[in-house]
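Each remark here refers to the structure printed beneath this line.
In what follows, every chain begins at residue 1, and chains take the letters A, B, ... in the order their sequences are listed.
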Amino acid sequence: MARTAPLSRRFYRRDAVTVARALLGQRLVRVCHGGRVAGIIVETEAYLGVADKAAHTCNGRRTPRNKSMWGDGGHAYVYFTYGLHHCANIVAGRAGDPVAVLLRALEPVEGLDIMYTRRTGARRDRDLCSGPAKLAKALAIDRELDGLDLTGDAAMYVERARRRPVPADQIIAAPRIGIDYAGVWAHRRLRFYLRDNPYISRR
DNA sequence: CCCGTGATTTAT
DNA sequence: TAAATCACGGGG
């Protein structure tokens with residue numbers, strides 16, 4: 001697998017929708033003592049800061065948990081939910097603008113054997129990373145990575161797997177998942193995934 | 001459909 | 001201090 005530099009600060013310091021679309025087709029890499037695993041990002045969701053009722057930072061909320069979202073673009077925001085799941089986001093925009101992109105699904109491309117050991121019960125490659133908590137588990141992402149700078153060559157980063165963005169006609173925009181409480185924001189098409197890709201999350 | 005699970009947040 | 005909430009997943 002060809003090595004490329006992590007995506008730059010400039011890449012992430014844009015609005016969350018742009019980053020959510022631009023991340024599609026890029027490669028998320030996780031390195032730890034368990035080994036190196038990676039997957040192509042095939043599904044994302046944008047969370048639009050203080051105005052977005054579905055965002056953890058709606059109405060300007062600033063809590064210990066969402067601290068990373070308030071920081072500069074290109075850092076991880078990892079949180080724990082439902083008593084057993086982690087979800088991984090990448091902060092977009094600039095410090096003080098709490099927008100982020102939730103990573104919802106990957107197409108596994110490297111270290112699948114390691115992923116299977118972490119995702120007991122997964123029967124097919126499609127089961128490994130087809131959901132935000134599944135990919136967090138497969139890549140051993142937990143709160144220890146919260147706040148990590150993804151533009152450094154660190155324990156996790158995104159590599160450019162393609163030079164040009166995925167063409168717009170290959171990206172489906174749909175309502176976000178699991179935020180029915182968010183009123184009109186529940187209808188906004190802020191979920192993005194690759195058309196016809198078999199590795200996106202179910203539902 | 002239903003529910004486990006526990007950190008986090010918000011309400012008292 | 002207590003209660004409600006929750007950007008989910010797996011099993012019927």
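The shortest distance between the side-chain N/O atoms of A:Arg119 and the OP1/OP2 oxygens of C:dG9 is not below 4.0 Å.
With B:dT9, C:dG9, C:dA7 as the candidates, the nucleotide lying closest to the side chain of A:Ile179 is C:dA7. Side-chain atoms of A:Leu84 lie closest to B:dG4 of the nucleotides B:dG4, C:dC8, B:dT9. Of the candidates C:dA7, B:dT9, C:dC8, the closest approach to any side-chain atom of A:Pro64 belongs to B:dT9. In the set C:dC8, C:dA7, C:dG10, the nucleotide with an atom closest to the side chain of A:Tyr77 is C:dA7. Minimum atom distance to the side chain of A:Phe80 is reached by B:dG6, of the listed B:dG6, C:dC8, C:dA7.
By the 5.5 angstrom centroid cut-off and the 30-degree plane limit, A:Tyr47 is classified as stacked against the base of C:dA7.
With A:Arg30 contributing its side chain and A:Ala38 its backbone, the two residues share no donor-acceptor pair below 3.5 Å. With A:Glu45 contributing its side chain and A:Leu103 its backbone, the two residues share no donor-acceptor pair below 3.5 Å.
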Pairs: protein N or O with nucleotides 10-12 of chain B N or O, under 3.5 Å:
from: B:dT10; atom 1: OP1; to: A:Arg61; atom 2: NE; distance (Å): 2.8

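Counting only Watson-Crick and G-U wobble pairs whose two key distances fall under 3.5 Å, DNA chain B forms stems of three or more stacked pairs at B:1-4 with C:8-11, B:6-11 with C:1-6.
A salt bridge between A:Asp52 and A:Arg176 is present, with a side-chain N of the basic residue lying under 4.0 Å from a carboxylate O of the acidic one. Using a 4.0 Å cut-off between charged side-chain N and carboxylate O, A:Asp127 and A:Arg124 make a salt bridge. Comment: A:Asp146 does not engage A:Lys67 in a salt bridge, judged by the lack of any side-chain N to carboxylate O separation of less than 4.0 angstrom.
Counting to the nearest Å, the P atom of C:dG9 and the CD1 atom of A:Ile177 are 10 Å from each other. Atom P of nucleotide C:dG9 and atom NE2 of A:His86 are separated by 13 Å, given to the nearest angstrom. Between A:Lys137 atom NZ and C:dA7 atom P the separation is 20 Å, expressed in whole Å. Nucleotide C:dG11 holds its C1' atom 14 Å from the CZ atom of A:Arg123, rounded to whole Å.
A distance of 14.5 Å separates NZ of A:Lys137 from CE of A:Met115, quoted to the nearest 0.5 Å. Here the straight-line distance linking atom CZ of A:Arg162 with atom CG of A:Leu24 works out to 9.5 Å at 0.5 Å rounding.
Aromatic rings of A:His56 and A:Tyr47 (six-membered ring for Trp) have centroids beyond the 6.0 Å cut-off, not under it.
When heavy atoms are screened at a 4.0 angstrom cut-off, A:Arg62 is found touching no nucleic acid atom at all. Note on A:Ala133: only backbone sugar-phosphate atoms sit closer than 4.0 angstrom, heavy atoms only; bases stay farther off. Across all strands, A:Arg176 comes closer than 4.0 Å to no nucleic acid atom at all (heavy-atom distances).
Mapping A:His85 and A:Arg143 onto DNA chain B by nearest heavy atom places A:His85 at the nucleotide closer to the 5' end.
Side chains of A:Thr4 and A:Arg160: a donor-acceptor N/O pair is absent below 3.5 angstrom, by distance only.
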